[in-house]
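Input: a single structure, listed below in C-alpha cells.
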Protein chains: 2
Amino acid sequence: MPADTKAKLLESAERIVRERGYNGFSYADLAQEIGIRTASIHYHFRAKSDLVLALIERYAERIAGGLADLSRTGPTGAHRIAGYIAVYRDALREGSSLCLCVSLSADAESLEPTALSALEAFHRAGVAWLTEAFELATADGSIERVGVPASEAAATLALVEGAQLVGRASRSVEPFDAAVLLLRARLGDAG
Amino acid sequence: MPADTKAKLLESAERIVRERGYNGFSYADLAQEIGIRTASIHYHFRAKSDLVLALIERYAERIAGGLADLSRTGPTGAHRIAGYIAVYRDALREGSSLCLCVSLSADAESLEPTALSALEAFHRAGVAWLTEAFELATADGSIERVGVPASEAAATLALVEGAQLVGRASRSVEPFDAAVLLLRARLGDAG
DNA sequence: CGACACCTATCTAGTAGTAGATAGGCATCG
DNA sequence: CGATGCCTATCTACTACTAGATAGGTGTCG
C-alpha cells in the first residue's frame, strides 16, 4: 500500500516544521522518518516550496473545519472563544511544537510569496472567525466588557500566538495558561 | 582600527537572526556583510552557539536598560506600559524583523540549553517588569480595570510578541497596531 | 637599545557533512 | 503497454568548523 506516501509526507513534514521551523527541517529528516529516499520526495513535491505551500493549505483547511464545527456546536460567544483558545493550547503540545503558521511566520523571510499569502489568509480567517464570535458574545452577553469585536479578535489572535511562543521557549504549557488566564476569566463558565 | 570587529559581528548577526531566524543565517552571510572570511569569525566566537548566546545576553541587557529608564521616567503605570508596547513596535521595524527573543523562541529546538535558559530569563524579566508596572497602575489608577498584575503582565507579554508575529507575516506594522488597540485604549492619554 | 617571545587578528586552504534538486532506470499493476 | 512510485547515482552549492601561516603590535629582559 504505497498510495498514502504523500499523506505520510505531509503528516511528518507538518510535525517537523512545527517543532523545528522551516529552515530547521530537511528532506533527509523527512525521508528517514517515513522510510524512503530523499529523491523520492521530489516525485510528490517538486520543490520544498511546493511542500510547504501544500502544508499551509492543508493546515488552514483543517483548522477552518474545526472552527466551523465550533461555530455550530458552541452555544454562546464565550464557548466559541474558549474553544479557540483550546485549539492553540493543544497545538502547543506541552511546549514541544507550535501552530504551523506561528512557526512559519517566524521564518517569513525564507518563504515564497505564495506561501506568504497563504499565511496572511490564515491570519485573516482567524480574525474573521473571532470577530464573529465576539459579535455573538456582544449579543448574547456571554462575555464581560466586549470592546469593538474586530479589535477583540485581533488582540485574541495575537494573544494566543504569543502565548504559544512563550510556552515554546520554556518547553511547557504553563506560560500559555498564565497568558490567557484573564481572557478565560472573562468567559465565565465557558472558560 | 580592527578592534571593533567583534561588535560589528554582534550587530550584524543580531539583525540577520531577527530577519531570518537562527537556522536561516550562516557564517557566510555574516562574513560577507562585514568584509572578513568565515574562518575569522571563529576567532571571535568559537562556535555558532557561542555567538547566539552572546547575542541573547547582549540583547537582554540592552532591553533591561531601556526598561529601567522607562521605570525612572514613566510617571504612571499607564505610561510605562505604553513605553513597553512601543519597544516591541519599534523592534518589528515595519514588519521586517522580530524581537531577537521572539525569533529565537520559534527556533527553540535548535538552541543549546544555555541559550534556552537565557531566553526563559528574558521572558521572566519582561513579565516581572510588567507586573511591577501593572501594580503601579493599580495604585495610581492610570489604567482601567486592572486584573491581577501578574496575569496582566503575562497576557501583555504574549500579546505584543504575538502581535509582532502577525505583523511579520504580512510585512507590515498594521496588524500589530490592531492587536494592541484595545490595550492602548485602556491606557488613556498615555497610550 | 635591541633581541626574543608572545599576542591579536586575520588570511588561505581545506575538512567532512548536508542542502535541495535532477537524470535515468526498474519494478509493479491496471 | 504505459502510468505510477520508488530507486540509484550524481550534481552543485553550501554548512560549520579546523589547520596552519602570516603580518604587525606589545612587552620583557639582557
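Labels below follow one simple rule: chain letters A, B, ... track the order of the sequence lines, proteins then strands, and each chain is numbered from 1.
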**Derivation of the salt bridge (Lys or Arg N to Asp or Glu O under 4.0 Å) call for A/Glu14 and A/Arg62** = CA-CA 12 Å; A/Glu14 182 185 313; A/Arg62 208 171 67 230; 2.9 Å; yes
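- As judged by a 4.0 angstrom heavy-atom cut-off over every strand, A/Phe25 is placed among residues touching the sugar-phosphate backbone only.
- The hydrophobic clustering, which links ILVMFWY residues whose side-chain heavy atoms are closer than 4.5 Å, places B/Leu136 and B/Val127 apart.
- Contacts of residues 26-43 of chain B with DNA chain C (heavy atom under 4.0 Å): B/Ile36, B/Arg37, B/Ala39, B/Ser40, B/Tyr43.
- At most 12 heavy atoms of other shown residues, nucleotides or ligands fall within 6.0 angstrom of atom CD in B/Glu132.
- With hydrogens and angles disregarded, a donor-acceptor distance shorter than 3.5 Å links the side chain of A/Arg171 to the backbone of A/Ala169.
- Between the CG atom of A/Asn23 and the C1' atom of C/dT18 there is a distance of 14 Å, rounded to whole Å.
- Connection of A/Leu181 to B/Leu130 is not established within any shared hydrophobic cluster, with ILVMFWY side chains joined at heavy-atom distances below 4.5 Å, either directly or through further cluster members.
- Between B/Tyr84 and B/Trp129, the two ring planes are parallel [angle under 30°; tilted spans 30° to 60°].
- If you measure from atom CG of A/Leu9 to atom P of D/dG5, you get 12 Å, rounded to the nearest angstrom.
- When the P atom of D/dT15 is taken as reference, atom CZ of B/Phe45 falls 19 Å away, rounded to whole Å.
- Taking 4.0 angstrom as the limit, B/His44 places a side-chain polar atom (N or O) nearer than this to OP1 or OP2 of C/dT10.
- Atom NZ in A/Lys48 sits roughly 15 Å away from atom P in C/dT18 (whole-Å rounding).
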